[in-house]
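Presented below is the structure to which this report refers.
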Amino acid sequence: MQKSPFIKLKYNLMQKGKFITIDGVEGAGKSTQIDFICQYLTDKGINVVLTREPGGTEVGEKIRTLLLSNSTGKMHADTELMLMFAARNEHIQNKIIPTLNQGDWILSDRFTDASYAYQGGGRGLDIARIAQLEQWVLRSFAPDMTLLLDIPVDIGMRRVESRGEKDRIEQESLDFFNRVRNSYIARSEQYPERIKLIDASQNVENISNEIQKILKTL
Ligand code: TMP
């Protein structure tokens, strides 16, 4: 097959820094563990840049508002998927790759696994189509390590409800979030080297200890 001259197959990645992502269903306690990871890496003398998806860049944050705001209203699932990847393209090209090439580490609050879990599992989009977008936007790029915080959906959603108003995606049903959770678990079984499944129903300290052990392997 003739290669398109417009699609470079690889990023120009010297990758001196490491790329870590953290993901999971709503209310799994990502924020607390993100604080822990940033502190832990900083104490080790590592410069870590915290970012998030959708978002992380000026354009990405605008797309995030569109995706999560209740005032956006109904959106076709394919549109949602493409907007996630549009924000991701901006994120990779303008923030993640330049930061890694500088030698700093990146910690991203969510990444591509969330598209497989939410748009694939939750919305029921064809995984093969998501994989096509992944190939288009990520080429062969992937996180070095993904920490997947797993918690039963009803516990997670109770936490979300106690925080106040739900965003456009948080309004979805428990069935939706159970499909999201199952997709995440299935991905961790498919990519056990990269995606580390962590039981997030344990107490905060145990979770942090587990994360610390995983980070040491990097
Ligand atoms: P959060 O950062 O507060 O978790 O909100 C991000 C929301 O966006 C969350 O509901 C998960 C959702 N999301 C997707 O549906 N697909 C994606 O690819 C990403 C990155 C997030």
Side-chain angles (χ1 to χ4, degrees), residues 19-35 37-38 50-57 59-72 74-93 95-96 106-127 129-138 141-143 146-151 153 155-187 195 200:
F19 178 33
I20 304 168
T21 65
I22 184 161
D23 233 303
V25 285
E26 317 282 329
K30 282 188 287 126
S31 307
T32 311
Q33 297 307 328
I34 283 169
D35 290 346
I37 296 165
C38 287
L50 173 62
T51 186
R52 67 173 178 182
E53 287 209 348
T57 63
V59 170
E61 289 294 325
K62 287 182 180 158
I63 298 175
R64 180 186 177 93
T65 303
L66 183 62
L67 279 162
L68 299 187
S69 164
N70 284 310
S71 64
T72 297
K74 222 168 130 46
M75 185 187 287
H76 192 280
D78 280 346
T79 311
E80 186 178 90
L81 176 71
M82 288 189 280
L83 284 174
M84 292 291 176
F85 272 96
R88 183 162 299 131
N89 182 64
E90 197 67 22
H91 198 201
I92 293 171
Q93 305 261 11
K95 187 163 186 181
I96 297 176
I106 288 264
L107 174 61
S108 184
D109 180 352
R110 298 196 186 278
F111 196 61
T112 309
D113 296 304
S115 299
Y116 281 95
Y118 280 78
Q119 282 67 49
R123 302 271 187 236
L125 292 185
D126 184 355
I127 296 298
R129 300 185 72 203
I130 302 176
Q132 279 181 332
L133 274 180
E134 181 184 24
Q135 203 187 10
W136 209 83
V137 172
L138 276 80
F141 182 61
T146 296
L147 303 162
L148 176 58
L149 299 186
D150 179 56
I151 196 161
V153 164
I155 301 178
M157 287 318 287
R158 248 179 276 146
R159 289 187 188 161
V160 170
E161 271 151 26
S162 69
R163 282 185 214 143
E165 209 205 334
K166 292 179 180 173
D167 65 33
R168 195 182 65 86
I169 294 180
E170 286 167 347
Q171 307 273 355
E172 288 299 331
S173 65
L174 283 184
D175 276 355
F176 174 95
F177 290 112
N178 273 313
R179 292 196 298 276
V180 171
R181 183 186 183 204
N182 291 338
S183 300
Y184 272 131
I185 294 172
R187 279 187 75 70
I195 307 180

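In this text the structure is predicted, and so the values were computed from the model without any measurement. Both ligands and their constituent atoms are indexed starting at 1 by order of listing.
Residue Arg88 places at least one N or O, backbone or side chain, under 3.5 Å from an N or O of ligand 1. Of the polar atoms of Glu80, none of the N or O atoms is found under 3.5 Å from an N or O of ligand 1, judged by distance alone. An N or O contact shorter than 3.5 Å is missing between Asp109 and ligand 1 by distance.
Closest to atom 5 (O) of ligand 1 among all protein heavy atoms lies Arg64 NH2, 3.7 Å. Annotation: atom 9 (C) of ligand 1 to nearest protein heavy atom, Glu26 OE2, 3.4 Å. Protein heavy atom closest to atom 18 (O) of ligand 1, with residue, atom name and distance, is Ser115 OG, 2.6 Å. Atom 7 (C) of ligand 1 has its closest protein heavy atom at Leu68 CD2, 3.8 Å. For atom 21 (C) of ligand 1, the closest non-hydrogen atom of the protein is Pro54 CD, 3.6 Å. Among all protein heavy atoms, the one lying closest to atom 13 (N) of ligand 1 is Met84 CE, 3.5 Å. The single protein non-hydrogen atom nearest to atom 4 (O) of ligand 1 is Arg110 NE, 2.7 Å, given as residue, atom name and distance.
Because its NZ or CZ atom is not both nearer than 6.0 Å to the ring centre of Tyr184 and within 45° of the ring axis, Arg187 does not count as a cation-pi partner of that residue.
The ligand atoms of ligand 1 that sit less than 4.0 angstrom from a heavy atom of Ile169 are 8 (O), 10 (O), 12 (C), 15 (O). Residue contact check: Glu53 has heavy atoms under 4.0 Å from atoms 20 (C) of ligand 1.
With a 4.0 Å cut-off on non-hydrogen atoms, Gln119 touches ligand 1 through its side chain and not its backbone. Residue contacts with ligand 1 for Glu170 are absent, since no atom lies close enough (heavy atoms, distance under 4.0 Å).
Defined by atom type and a distance below 3.5 Å, a donor-acceptor pair is present between the side-chain atoms of Tyr116 and Glu134. Donor-acceptor pairing under 3.5 Å is lacking for the side chains of Ser108 and Thr21.
For the atom pair CZ of Arg88 and OG1 of Thr57, the computed distance is 12.0 Å after rounding to the nearest 0.5 Å.
Within the 4.5 Å cutoff, the side chain of Lys30 has no heavy atoms near those of the Arg52 side chain. At a threshold of 4.5 Å between non-hydrogen side-chain atoms, the residues Glu165 and Asn70 count as touching.
A donor-acceptor distance shorter than 3.5 angstrom exists from the side chain of Glu61 to the backbone of Gly56, with no hydrogens or angles considered. Counting only distance, with no hydrogens or angles, the side chain of Asn178 and the backbone of Leu174 share a donor-acceptor pair below 3.5 Å.
With Phe111 as the fixed residue, the side chain to side chain contact (heavy atoms under 4.5 Å, CB included) test singles out one of Thr51, Ile22, Ile96, Ile20: Ile96.
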